[in-house]
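Encoded as structure tokens, the structure appears first; notes follow it.
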Amino acid sequence: MKCRYCAETESKVIDSRPSEDGLSIRRRRECLSCARRFTTFERIEEVPIMVVKRGGRREPFDMEKIRFGLRKACEKRPIPAEVQNHMADEIAREVYSLTEPEIPTSRLGELVMRKLKEVDEVAYVRFASVYREFKDTQTFMQELQRLLDEK
């Protein structure tokens, strides 16, 4: 591991522990050359999962797009960033736990909506209106009615 201060490649690990999300290992290191300390994170290399878009186009799964969608849906709602990040982590964990190398956007959208529905109904409806491409108020009202019927 290259030291960020002197670029030397020799260092020793002082402390290792799992990160808060449990998806990486945090290591405190000390450079053997300059004796300065720095932190590194080690993550498992994920097998790339492809997202199949509605038109058939494929692109790599990008957790940042999930985070962005959640943030937009939760905008001006009393949902802390920590909760939004936790939802994104849970969605990513579910996606990576699938045995298929591809996931359709329809399934991915349903995962996001399920998490949002558990946390905030307004954020859920916001996301659903974009995801399901509501064309008019009638479609919007049908989704709201379905939400009310589930209660």
Side-chain angles (χ1 to χ4, degrees), residues 1-4 7 9-29 38-151:
M1 186 61 58
K2 190 183 281 191
C3 173
R4 66 181 305 174
T9 57
E10 297 296 319
S11 65
K12 67 178 178 181
V13 175
I14 297 169
D15 180 47
S16 290
R17 63 182 65 178
S19 64
E20 289 180 17
D21 62 6
L23 300 174
S24 62
I25 296 175
R26 177 185 175 275
R27 297 195 192 282
R28 278 300 282 162
R29 296 177 178 270
F38 57 98
T39 301
T40 60
F41 289 89
E42 188 176 305
R43 288 190 169 277
I44 295 173
E45 186 175 13
E46 303 287 348
V47 176
I49 293 182
M50 299 303 285
V51 176
V52 182
K53 300 293 208 169
R54 289 182 181 152
R57 191 171 51 88
R58 287 167 170 68
E59 65 180 49
F61 172 72
D62 183 359
M63 193 163 124
E64 287 310 308
K65 286 187 175 184
I66 301 296
R67 284 187 203 285
F68 179 77
L70 288 169
R71 281 194 187 99
K72 283 305 259 184
C74 297
E75 209 169 76
K76 297 182 182 177
R77 299 294 304 151
I79 304 167
E82 170 184 302
V83 172
Q84 295 172 36
N85 288 332
H86 183 69
M87 281 191 292
D89 290 341
E90 286 179 348
I91 292 164
R93 210 167 302 131
E94 284 187 50
V95 168
Y96 285 116
S97 71
L98 301 172
T99 55
E100 303 106 33
E102 296 182 335
I103 182 170
T105 54
S106 58
R107 188 162 177 200
L108 193 54
E110 294 298 327
L111 285 172
V112 173
M113 287 194 303
R114 190 179 75 224
K115 294 292 179 192
L116 281 170
K117 190 187 273 187
E118 294 170 5
V119 174
D120 187 272
E121 290 175 345
V122 172
Y124 162 77
V125 172
R126 281 183 181 166
F127 186 87
S129 70
V130 173
Y131 171 71
R132 292 199 173 132
E133 299 176 341
F134 292 172
K135 302 287 187 227
D136 53 25
T137 55
Q138 184 62 33
T139 317
F140 197 83
M141 291 304 292
Q142 287 171 348
E143 186 64 31
L144 288 175
Q145 190 59 51
R146 187 169 40 182
L147 192 60
L148 290 171
D149 291 344
E150 288 177 6
K151 284 188 166 188

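Note: hydrogens, waters and symmetry copies are ignored here, and every other heavy atom, side chains too, is used.
- Residues R26 and D15 are in side-chain contact: their nearest non-hydrogen atoms beyond the backbone lie under 4.5 Å apart.
- At most 12 heavy atoms of other shown residues, nucleotides or ligands fall within 6.0 angstrom of atom CZ in R17.
- Across every non-hydrogen atom of Q84 and L70, the tightest pair is O-CD1, 3.7 Å.
- Between the CD atom of E59 and the CE atom of M50 there is a distance of 7.5 Å, given to the nearest 0.5 Å.
- Listed here is the closest heavy atom pair of M113 and Y124: O-CD1, 3.3 Å.
- In this structure, CZ in R4 is found 8.5 Å from OG1 in T39, a value given to the nearest 0.5 Å.
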What's the verdict on side-chain contact (heavy atoms from CB on, under 4.5 Å) for L116 and C74, showing C-alpha distance, side-chain angles and the deciding distance?
CA-CA 9 Å; L116 281 170; C74 297; 3.8 Å; yes
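- Looking at E110 and R107, no side-chain N of the basic residue comes within less than 4.0 Å of a carboxylate O on the acidic one, giving no salt bridge.
- Atom-to-atom distance recorded for E42:CD and S16:OG is 8.0 Å, nearest 0.5 angstrom.
- In this structure, the side chain of R132 does not engage the main chain of T139 through any donor-acceptor pair within 3.5 Å.
- The minimum heavy-atom distance between R58 and E102, with the atom names listed, is NE-OE2, 2.6 Å.
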Yes or no on salt bridge (Lys or Arg N to Asp or Glu O under 4.0 Å) for D62 and R67, after CA distance, side-chain angles and deciding distance?
CA-CA 9 Å; D62 183 359; R67 284 187 203 285; over 6 Å; no
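- The nearest pair of heavy atoms linking V13 to R27 is CG2-CD, 4.2 Å.
- Checking E90 against H86 by side-chain atom types alone, a donor-acceptor pair falls below 3.5 Å.
- For the pair L98/I49, no side-chain contact is recorded, criterion being any heavy-atom separation below 4.5 Å from C-beta on.
- Using a 4.0 Å cut-off between a side-chain N of Lys or Arg and a carboxylate O of Asp or Glu, E150 and K117 qualify as a salt bridge.
- Taking the ring axis of F127 as reference, the NZ or CZ atom of R114 does not stay both within 45° of it and closer than 6.0 Å to the ring centre.
- Across every non-hydrogen atom of L108 and I103, the tightest pair is N-CD1, 4.1 Å.
- The distance from the CZ atom of R71 to the CD1 atom of I66 is 12.0 Å, given to the nearest 0.5 Å.
- The shortest heavy-atom contact between M63 and A88 is SD-O, 4.1 Å.
- Of the inter-residue distances, the one linking E94 atom CD with K115 atom NZ reads 4.5 Å to the nearest 0.5 angstrom.
- How far OG1 of T40 is from NZ of K2: 14.5 Å, rounded to the nearest 0.5 Å.
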